[in-house]
Number of protein chains: 2
Amino acid sequence: MVQYQSSHLDASFAALSDATRRGILERLGRADASISELAGTFRMSLTGMKKHIGVLEQTGLVRTEKAGRVRTCTLGPRSLDEAAEWLERYRQLWHERFNELDKIVEELQRVRRVDAPTP
Amino acid sequence: MVQYQSSHLDASFAALSDATRRGILERLGRADASISELAGTFRMSLTGMKKHIGVLEQTGLVRTEKAGRVRTCTLGPRSLDEAAEWLERYRQLWHERFNELDKIVEELQRVRRVDAPTP
DNA sequence: CATATACTGAACCATATGGTTCAGTATCAA
DNA sequence: TTGATACTGAACCATATGGTTCAGTATATG
């Protein structure tokens, strides 16, 4: 599997491809939470939740800190700026392509009008 | 695996989590291409490329049409608006959280200044 | 017709993912 | 000290992913 220099984008998008993980990010956007709180909210074993947090932590989207028994999860230092940037660029390409298509359609319509003018 | 109503977002982000697939989208943003052209560009078997196209097609990011032997791939009807929307919302949450943090930091600095004023 | 091209599908493979349970360890509270 | 709580790690499981090869089928082209 060839991996040029894009592994971080890969990881960001992969992290977001799971509904539970997106839910966790939204939840942490409102307030910090412990692993067990999150596990409760998303009806999942502690271990399962910890894995999700692990994924989010590795991409830098979540930061955690342990105090005593409880590990508290916060929104992490790394935002999704890169991912958002990529998306924006794609959307631009997409719109360009479709504007082009619009032009072609318009042109076809113009030609058709010339070919067969309304009587 | 609980799947509420978010399967399309899941699929969009999953589609983008692969560098080859992002490359294909960029490539198609410049011009349409056949499967074998893409396979050549990304140094991959025809079959492998067809699988990627299948993934992109299922999420609606790419549309294909077969004429004779060759199947031509175009940017699809479904843009990434939903995904972009989600990202934007997350980024807002994230900035809110960090502004809040900024306020706390400021407050701490203010208190510290009061506690121990510069001599 | 014969042959090359372009795709398609099935089967296979290694590894990753999203979960679980079970058995710890560490810490807080009575 | 004795529990209860909160996490952690290992092992397991089913399914998905990203590739491959091999054997077709369909379509152009000489």
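Residue numbers start from 1 in every chain, and the chains themselves are labelled A, B, ... in the order their sequence lines are given, proteins ahead of strands.
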For A/Met49 and D/dC7, give me the distance from atom CE to atom P, rounded to whole Å. 11 Å
Please report, rounded to the nearest Å, how far the P atom of D/dT17 is from the CG atom of B/Leu16. 14 Å
B/Arg21 side-chain N/O to B/Val55 backbone N/O, donor-acceptor pair under 3.5 Å: no
Measure CE/A/Met44 against P/C/dT17 and give the value in whole Å, please. 15 Å
Between C1' on C/dA10 and NZ on B/Lys50, what's the gap in Å once rounded to a whole number? 12 Å
By the 4.0 Å heavy-atom rule, please label A/Gly68 as base, sugar-phosphate, or nothing. sugar-phosphate
Would you mind telling me which residue lines up with the more 5' stretch of DNA chain C, A/Ala14 or B/Ile35, judged by nearest nucleotide? B/Ile35
Give a yes or no on whether the backbone of A/Pro77 and the side-chain of B/Trp94 come within a donor-acceptor separation of less than 3.5 Å. no
Please report the distance, rounded to the nearest Å, between CD in B/Gln58 and C1' in D/dA16. 13 Å
Atom NZ of B/Lys51 and atom CD1 of B/Ile35: how far apart are they, to the nearest 0.5 Å? 13.5 Å
Measure CG/A/Asp10 against C1'/C/dA16 and give the value in whole Å, please. 13 Å
Does A/Lys51 place a side-chain N or O at less than 4.0 Å from the phosphate oxygens OP1/OP2 of C/dG19? no
Counting just side-chain N and O atoms, does A/Arg69 come under 4.0 Å of either OP1 or OP2 of C/dA29? no
Which is true for A/Ser36 with a 4.0 Å heavy-atom rule: it touches a base, it touches only sugar-phosphate, or it touches nothing? sugar-phosphate
Between C1' of C/dA6 and CD of B/Glu65, the distance in whole Å: 16 Å
note: B/Leu46, atom CG; C/dG9, atom P; distance rounded to Å ~ 13 Å
Check whether any side-chain N or O of B/Lys66 sits under 4.0 Å from OP1 or OP2 of C/dT8, and answer yes or no. yes
Which nucleotide in C/dT21, D/dT20, D/dG18 has an atom nearest any side-chain atom of A/Ser45: C/dT21
Are a donor atom and an acceptor atom from the side chains of A/Thr64 and A/Glu57 found within less than 3.5 Å of each other? yes
Check: B/Leu16 main-chain N/O paired with B/Arg22 side-chain donor or acceptor under 3.5 Å: yes
Just N and O in the side chain of A/Thr47: are any of them under 4.0 Å from OP1 or OP2 of C/dT20? no
Under 4.0 Å between a side-chain N or O of A/Arg71 and OP1 or OP2 of D/dT8? yes
Does a side-chain N or O of A/His52 approach OP1 or OP2 of C/dG19 to a distance below 4.0 Å, or not? yes
